Structures are given as C-alpha cells and as structure tokens.
Amino acid sequence: MDETEFWDLVDSARDAAEGDAEDQADVLVDRLLQLDPDSVVDFARHFEARYNRAYLWDLWGAASVLLDGASDDAFDSFRCWLIGQGREIYEGAVHDPDSLADLLEDFDDEVDGDGEDLGYAADEAYEQLTGTELPDLGLPDPPAEPVGTAFDVEDDALLPERFPRLWDRFRE
C-alpha cells in the first residue's frame, strides 16, 4: 500500500461516515477487512508514522486551543482524529498548526478532535483477519517528548500569541 492508497482509504471512510470519527473507525475496519493482512500492516505502518510525526509541541498547543485544554491522552486522540481528517488538513496542521483555523470548516469540541478508535482500526482488522495481534511495524521508536520547543500548552495568556487565528476563530 502506498501513501496515496492510505489517504484514499482514510478519505473514503470519513466520507462514508459523514465525518463522525467513531463511525469512520468502523467503516475503516470494514474496508481493511477487504484487504490481505500484509496490506493491513502497511496501512498500520502509514498511520503510525503519521501519528508519530504529529507529536509536536505546536500541534499540542493548537489542540489545546481547539479542545479548550488537552491532556496527554486527549492529544493522542487528537492526532488520530487529525489523520482521519485527510491529507490536506493533516499536512497543513503539521506544517503550520495555526492554519487549522483556515483548514477546518467548523469544530465542535464536544464531538470533534477525538479519533482514538481510528488508532485501533488496523489492529482490529488484522486480528479479525488472522486471529493474531498486529506484528511489530518496524518503525523507529516514537520520540519520548514532543518535537519542538516546549511550552505550557495550558497557558491561556500564551496560546493566543502562538495561535492567533485559531484563538480568534474558536476561543473568542
């Protein structure tokens, strides 16, 4: 599975689920079940690589603005949700987290931002296909800490300065 096929699966599952992350995870599992186990492993590898790539201080700060605070677990779920939004939004957010103000049509912190189930879709599909757990993906270990300059992602005085567009659109 190449990168384009990975994003096509993500996009088609999101479209079929009409943007609902829980439903998207269910659709994704169903679609992965149509593939062979090696392709499911490839999908998992693509997903995990993007999940690890999004472990950025600035993206955590952006998530904190959108979610009105983001614990470690909330940020983990946010990164899964972000991947589920597709390539354009994911890449835009990784390169410039404040650009989420322009990339997201809307955002409701009660239903958006939590894509935890998406992070388990490949595991679930692989187990259903093979009766065994997903094998090691052979990826480098994720960073122990987010990449970039550390800052207090809960500092409501700092967040509007670092993420002015997000703050203006989603917090004021």
Side-chain angles (χ1 to χ4, degrees), residues 1-32 34 43-122 124-125 146-148 151-172:
M1 173 176 301
D2 65 21
E3 186 174 11
T4 299
E5 292 168 316
F6 167 80
W7 286 116
D8 286 347
L9 270 171
V10 169
D11 291 341
S12 67
R14 185 188 62 257
D15 292 346
E18 298 178 355
D20 181 284
E22 286 183 29
D23 290 346
Q24 182 181 5
D26 293 338
V27 170
L28 193 51
V29 169
D30 290 342
R31 303 237 166 123
L32 291 171
Q34 305 306 310
F43 179 90
R45 197 173 288 119
H46 281 289
F47 193 97
E48 190 72 16
R50 278 145 192 84
Y51 177 81
N52 292 341
R53 183 174 166 223
Y55 197 41
L56 305 168
W57 278 110
D58 281 344
L59 194 55
W60 196 343
S64 188
V65 171
L66 286 166
L67 298 170
D68 197 15
S71 67
D72 294 359
D73 290 341
F75 183 50
D76 290 346
S77 295
F78 179 84
R79 289 185 288 153
C80 292
W81 174 86
L82 185 63
I83 294 166
Q85 298 312 294
R87 187 178 204 165
E88 179 183 353
I89 292 174
Y90 172 84
E91 291 293 342
V94 167
H95 291 293
D96 176 13
D98 199 34
S99 73
L100 284 169
D102 304 319
L103 294 169
L104 297 175
E105 288 184 29
D106 54 18
F107 188 89
D108 179 348
D109 65 1
E110 296 295 322
V111 294
D112 293 322
D114 182 356
E116 180 179 14
D117 293 344
L118 289 169
Y120 296 111
E124 187 175 327
V147 175
F151 66 97
D152 182 359
V153 298
E154 302 289 327
D155 184 345
D156 281 351
L158 178 63
L159 292 174
E161 292 174 21
R162 287 188 78 115
F163 310 101
R165 292 178 290 165
L166 274 174
W167 190 269
D168 287 347
R169 181 157 177 224
F170 295 105
R171 286 290 282 277
E172 285 193 339

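Keep in mind it's a predicted model, so treat the numbers as computed, not measured.
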**Asked** How would you list all residue pairs meeting side-chain hydrogen bond (donor to acceptor under 3.5 Å, both in side chains) that involve residues 18-31, not counting sequence neighbours?
**Response** Ser12-Arg31

**Fill in**
Taken in chain and number order and not counting sequence neighbours, the residues that satisfy side-chain hydrogen bond (donor to acceptor under 3.5 Å, both in side chains) with Arg87 are Glu3

**Item:** Qualifying salt bridge (charged side-chain N to carboxylate O under 4.0 Å, His left out) pairs, either residue in residues 99-109, two or more places apart
**Value:** Asp102-Arg165

**Request:** Tell me, please, which residues at least two apart from Glu91 pass side-chain hydrogen bond (donor to acceptor under 3.5 Å, both in side chains).
**Result:** Arg53, His95

**Set of ring pair (Phe, Tyr, Trp, His ring centres under 6.0 Å) partners for Tyr90, sequence neighbours left out** = Trp7

**Asked** Residues two or more places apart in sequence or in another chain: which of them pass ring pair (Phe, Tyr, Trp, His ring centres under 6.0 Å) with Trp81?
**Response** Phe78, Phe107

**Asked** Considering residues at least two apart in sequence or located in another chain, which fulfil the side-chain contact (heavy atoms from CB on, under 4.5 Å) criterion with Glu48?
**Response** Tyr51, Asn52, Leu137, Leu139

**Item:** Test side-chain contact (heavy atoms from CB on, under 4.5 Å) applied to Leu56 - qualifying residues, sequence neighbours left out
**Value:** Leu59, Val94, Val147

**Request:** Using the salt bridge (charged side-chain N to carboxylate O under 4.0 Å, His left out) rule, collect all pairs that involve residues 55-70, keeping only residues at least two apart or in two chains.
**Result:** Asp58-Arg162, Asp68-Arg171

**Message:** Taking ring pair (Phe, Tyr, Trp, His ring centres under 6.0 Å) as the definition, give me every residue that meets it alongside Phe75, ordered by chain and number, with sequence neighbours left out.
**Reply:** Trp60

**Message:** Please enumerate all residues that pass side-chain hydrogen bond (donor to acceptor under 3.5 Å, both in side chains) together with Glu116, with sequence neighbours excluded.
**Reply:** none

**Item:** Residue Glu5 excluded, over 12 heavy atoms near CD under 6.0 Å
**Value:** yes

**Prompt:** Mind checking what makes side-chain hydrogen bond (donor to acceptor under 3.5 Å, both in side chains) contact with Tyr55, not counting sequence neighbours?
**Reply:** none

